[in-house]
Asker: 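Before we start, here is the structure in question, set down as structure tokens.
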Amino acid sequence: MENDAEKRALSRCYLEEAADRKRDQAIMAGHDSGTEHQFTGFKKYFNSYTTIGRRNYVLLTYGGILMLIIGFKMRKPKEIAHK
């Protein structure tokens with residue numbers, strides 16, 4: 001009987017250690033993806049903690065670059081003064 005109880009205790013210990021290692025690896029894998037953050041206002045849509053917040057910064061950057069390109073292409077060329 002003692003041998004079975006020891007085996008169960010050891011297997012429980014190994015399972016707890018495996019769960020601890022898995023939790024530690026998840027923590028070390030990177031910063032939190034925003035599950036504990038409650039943002040409001042501007043930070044709700046533009047932040048570096050959530051995937052959607054990072055995506056919005058990328059879209060804003062690409063949109064700004066695109067607007068500059070379109071603006072330069074659409075402006076009228078300057079008239080050259082003739083003597």
Side-chain angles (χ1 to χ4, degrees):
M1 244 5 209
E2 250 181 65
N3 199 11
D4 289 335
E6 287 176 6
K7 285 181 183 178
R8 276 187 256 127
L10 281 175
S11 71
R12 191 175 326 129
C13 183
Y14 287 130
L15 289 174
E16 288 173 0
E17 287 178 9
D20 288 342
R21 278 194 304 273
K22 189 173 184 180
R23 186 190 72 242
D24 291 343
Q25 286 174 351
I27 291 171
M28 292 175 60
H31 65 278
D32 186 18
S33 63
T35 55
E36 65 182 39
H37 304 286
Q38 297 296 326
F39 295 113
T40 58
F42 181 79
K43 288 185 178 183
K44 182 176 182 180
Y45 302 105
F46 296 95
N47 60 66
S48 62
Y49 294 99
T50 63
T51 305
I52 293 176
R54 290 189 294 257
R55 182 203 64 187
N56 288 338
Y57 269 119
V58 170
L59 292 175
L60 181 68
T61 303
Y62 286 161
I65 292 170
L66 184 65
M67 293 302 290
L68 282 172
I69 292 171
I70 291 172
F72 276 108
K73 287 191 179 259
M74 291 185 68
R75 70 179 185 173
K76 295 179 181 178
K78 293 181 181 177
E79 294 286 332
I80 298 175
H82 294 285
K83 290 185 179 183

Asker: Could you work out, with side chain to side chain donor-acceptor pair (under 3.5 Å) as the rule, every residue matching Asn56, not counting sequence neighbours?
Answerer: none
Asker: Identify each donor-acceptor pair in which a side-chain atom of residues 60-78 lies under 3.5 Å from a protein atom, sequence neighbours left out, and give them as a table.
Answerer:
residue, atom, partner, partner atom, Å
Thr61, OG1, Tyr57, O, 2.9

Asker: Is there a side-chain contact between Tyr45 and Phe39 in this structure, where contact means two heavy atoms from C-beta onward sitting under 4.5 Å apart?
Answerer: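 No, every pair of side-chain atoms sits at 4.5 Å or beyond.
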Asker: Is the count of non-hydrogen atoms from other residues, nucleotides or ligands lying under 6.0 Å from Leu59 atom CG greater than 12?
Answerer: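 Buried by this count: over 12 neighbours within 6.0 Å.
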Asker: Report the residues that fulfil ring-ring contact (aromatic ring centres under 6.0 Å, His included) with Phe42, sequence neighbours left out, ordered by chain and then residue number.
Answerer: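 Partners of Phe42 by the ring-ring contact (aromatic ring centres under 6.0 Å, His included) criterion, ordered by chain and then number, come out as Phe46.
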Asker: Out of curiosity, Ile52 CD1 to Lys44 NZ, how far, rounded to the nearest 0.5 Å?
Answerer: 10.5 Å
